[in-house]
Engineer: 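Mind having a look at this structure? Questions to follow.
Residue numbers count from 1 along this sequence.
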Amino acid sequence: NTSVGSPVRFVASASSPNGISSMTINVDSQDAFRINSYNLDTYINMSPGPHRVLVKAWDNRGNYADVPLNLSVGATYNSPNVGTQLTGTWNMMQAESGWGSCTECAGNVTGTGTPAGYAMTQHQGNPSLSGDATKFDIWGQYPYSNVLWNRHLIGDGSGRLDVNNIVTQVHHFKYDVWFYFTNAHAMEAIEFDINQFFGGKSFIWGHECRVLGGNMWDVWNNTLQRWESTGFPCYPNTNAWNHVVIEVERTWDDQLHYVYIELNGQRHWMNRYEPPTPTNWYGITINFQLDGNYRQEPYSAWLDKLSFSYW
């Protein structure tokens, strides 16, 4: 019986003398989350308005229990207060101001790639899920040219001073976005990155759906500065909305942990670890990138309902 912003965080646990086999979160008569565990801590995107939620649990003998929740979700466009909170969520980020962009920097690790033409147009109603999507265009004359867009959220370049050292204390990040694109023959790859910088250490969790050349999810190897295949397939739908959810972790001993990546409900548990690399940056940022093909054919992509959470 309260009003919350989306995505909504759910934290729950269950117990039974027989042990717990699974838990689910059911939103408006549809299962939105399931885990084979006795506890859960997750975020769920929910549309504005009232919702009926059931948090359910089963034990190993099939006994069942649930807790009903009535929630009202508001359309949250504002960034969280990062002054003292160790948890926060940005919602509808594609519609907010403060995005930066570059093209040569997206070409290779030295930042000296070939330039592409590009544009970013916010507040698009069609195609859109929320009525406030953002369109990204790429074109140009140089093959395999790329464009990167980024948001500085806390720390350097964000306009938010981290007076309480939030950046150094948070360990978990979740990138949740819907994307739509029009020309599968032109998109070399589409990229989603999460970045954390502090104490001279750079944590870059890079995720790339390699549309051409194998339809595979790649991740960024910080140490070797290259993309490496995960072995997990990535087949986004053309002329349709695709839903990507990514979760990563900075471990207690400062290793990058790639937890899972999900496309249109197909989740792949990566469980991959990488060491950090040196940096002088401080803060938390996210990236979105489009890559051109061998003919640098123009194409467009739209983002909607982009959220980012930290805890």
Side-chain angles (χ1 to χ4, degrees), residues 41-43 86-88 102 105-113 146 148-158 162 165-177 188-211 213-234 244-263 266-291 306-311:
D41 185 348
T42 190
Y43 290 82
L86 289 179
T87 63
C102 63
C105 75
N108 53 50
V109 295
T110 64
T112 57
N146 311 318
L148 179 147
W149 290 268
N150 65 1
R151 277 290 311 274
H152 293 249
L153 305 177
I154 310 174
D156 294 347
S158 70
D162 187 18
N165 299 315
I166 302 300
V167 171
T168 68
Q169 299 180 68
V170 295
H171 284 261
H172 301 270
F173 306 97
K174 188 173 184 178
Y175 193 134
D176 190 316
V177 66
E188 182 74 21
I190 185 168
E191 181 179 334
F192 311 92
D193 307 327
I194 300 167
N195 312 302
Q196 183 181 29
F197 311 101
F198 74 93
K201 298 176 182 179
S202 170
F203 305 85
I204 299 176
W205 292 272
H207 303 76
E208 176 182 83
C209 176
R210 180 163 32 93
V211 180
N215 284 101
M216 196 69 65
W217 279 111
D218 297 336
V219 294
W220 183 247
N221 185 315
N222 283 259
T223 304
L224 300 179
Q225 296 284 285
R226 69 185 186 192
W227 290 103
E228 296 181 349
S229 175
T230 64
F232 297 127
C234 182
V244 169
V245 185
I246 296 167
E247 185 172 317
V248 300
E249 174 195 20
R250 176 174 62 87
T251 65
W252 64 271
D253 58 347
D254 282 350
Q255 298 293 298
L256 295 93
H257 180 201
Y258 288 87
V259 181
Y260 71 79
I261 190 162
E262 181 179 306
L263 174 64
Q266 184 66 43
R267 179 172 295 187
H268 302 291
W269 297 92
M270 290 184 287
N271 201 31
R272 178 188 177 113
Y273 293 85
E274 300 283 350
T277 52
T279 187
N280 294 321
W281 276 80
Y282 181 90
I284 295 173
T285 71
I286 63 168
N287 300 341
F288 167 65
Q289 181 169 315
L290 296 178
D291 294 354
L306 169 58
S307 70
F308 179 75
S309 303
Y310 64 87
W311 66 99

Engineer: Can Val248 and Lys174 be said to form a side chain to side chain contact (heavy atoms under 4.5 Å, CB included), step by step?
Structural biologist: CA-CA 7 Å; Val248 300; Lys174 188 173 184 178; over 6 Å; no

Engineer: Could you check whether any side-chain heavy atom of Phe192 comes within less than 4.5 Å of a side-chain heavy atom of Phe288, counting everything from C-beta outward?
Structural biologist: yes

Engineer: Would you say the side chain of Asp193 lies within less than 4.5 Å of the side chain of Trp220, judging by non-hydrogen atoms?
Structural biologist: no

Engineer: Do you know the tightest heavy-atom contact between Ser202 and Pro278?
Structural biologist: CB-O, 4.0 Å

Engineer: For the residue pair Asn271 / His257, report whether a side-chain donor-acceptor contact shorter than 3.5 Å exists.
Structural biologist: yes

Engineer: Do Phe198 and Asn165 have side-chain heavy atoms sitting under 4.5 Å apart?
Structural biologist: no

Engineer: State whether the side chain of Asn287 and the backbone N or O of Asn150 hold a donor-acceptor pair below 3.5 Å, judged by distance alone.
Structural biologist: no

Engineer: Please check if the number of heavy atoms outside Asp253 that lie under 6.0 Å from its CG is greater than 12.
Structural biologist: yes

Engineer: Going by the angle between their ring planes, with limits at 30° and 60°, are Phe173 and Trp205 parallel, tilted or perpendicular?
Structural biologist: tilted

Engineer: Can any side-chain N or O of Gln225 pair as donor or acceptor with the backbone N or O of Asn222 at less than 3.5 Å?
Structural biologist: yes

Engineer: Minimum heavy-atom separation for Phe197 and Val167, please, with both atom names.
Structural biologist: O-CG1, 3.6 Å

Engineer: Name the orientation class of the two ring planes belonging to Phe232 and His268 (parallel below 30°, tilted from 30 to 60°, perpendicular beyond 60°).
Structural biologist: parallel

Engineer: How many angstroms lie between CH2 in Trp311 and OG1 in Thr87, if you round to the nearest 0.5 Å?
Structural biologist: 10.0 Å

Engineer: Taking C-beta and beyond as the side chain, do Gln255 and Pro276 meet within less than 4.5 Å on heavy atoms?
Structural biologist: yes

Engineer: State the CG-CG distance between Asn146 and Leu290, to the nearest 0.5 angstrom.
Structural biologist: 9.0 Å

Engineer: Enter the distance from Leu256:CG to Thr277:OG1 here, rounded to the nearest 0.5 Å.
Structural biologist: 8.0 Å

Engineer: If the condition is salt bridge (charged side-chain N to carboxylate O under 4.0 Å, His left out), which residues does Arg267 pass it with, not counting sequence neighbours?
Structural biologist: Glu262

Engineer: Is the backbone of Cys234 close enough, under 3.5 Å, to the side chain of Asn215 for a donor and an acceptor to pair up by distance?
Structural biologist: yes

Engineer: In Å and rounded to the nearest 0.5 Å, what is the CD to NE2 distance from Glu249 to His171?
Structural biologist: 8.0 Å

Engineer: Please state whether the rings of Tyr175 and Phe308 are parallel, tilted or perpendicular, taking 30° and 60° as the class boundaries.
Structural biologist: perpendicular

Engineer: Quick check: does any side chain N or O of His207 sit under 3.5 Å from a backbone N or O of Val219, one acting as donor and the other as acceptor?
Structural biologist: no

Engineer: Quick one: does Tyr258's side chain have a donor or acceptor within less than 3.5 Å of a partner on Trp269's backbone?
Structural biologist: no

Engineer: Could you give me the CA-CA distance, side-chain angles and deciding distance for His152 and Trp281, then say whether side chain to side chain contact (heavy atoms under 4.5 Å, CB included) is met?
Structural biologist: CA-CA 11 Å; His152 293 249; Trp281 276 80; 3.3 Å; yes

Engineer: Between Asp176 and Val244, is any pair of side-chain heavy atoms under 4.5 Å apart?
Structural biologist: no

Engineer: Quick check for you: to the nearest 0.5 Å, what is the distance between Asp156 atom CG and Asp162 atom CG?
Structural biologist: 10.0 Å

Engineer: Supply the atom-to-atom distance Trp227 CH2 to Asn221 CG, rounded to the nearest 0.5 angstrom.
Structural biologist: 11.0 Å

Engineer: Keeping Gln266 on the side-chain end and Ile261 on the backbone end, is there a donor-acceptor pair under 3.5 Å?
Structural biologist: no

Engineer: Sub-3.5 Å donor-acceptor pair from the side chain of Thr285 to the main-chain atoms of Arg151, do we have one?
Structural biologist: no

Engineer: Are any of the side-chain heavy atoms of Tyr310 and Leu153 separated by less than 4.5 Å?
Structural biologist: no

Engineer: Between Gly231 and Met216, what is the shortest heavy-atom contact and its length?
Structural biologist: C-SD, 3.4 Å

Engineer: With side chains defined as the heavy atoms from C-beta onward, is the minimum distance between Asp291 and Gln289 less than 4.5 Å?
Structural biologist: yes

Engineer: Can you name the residues that form a salt bridge (charged side-chain N to carboxylate O under 4.0 Å, His left out) with Glu274, not counting sequence neighbours?
Structural biologist: Arg272

Engineer: Check whether any side-chain heavy atom of Trp217 sits under 4.5 Å from a side-chain heavy atom of Cys209, and report yes or no.
Structural biologist: yes

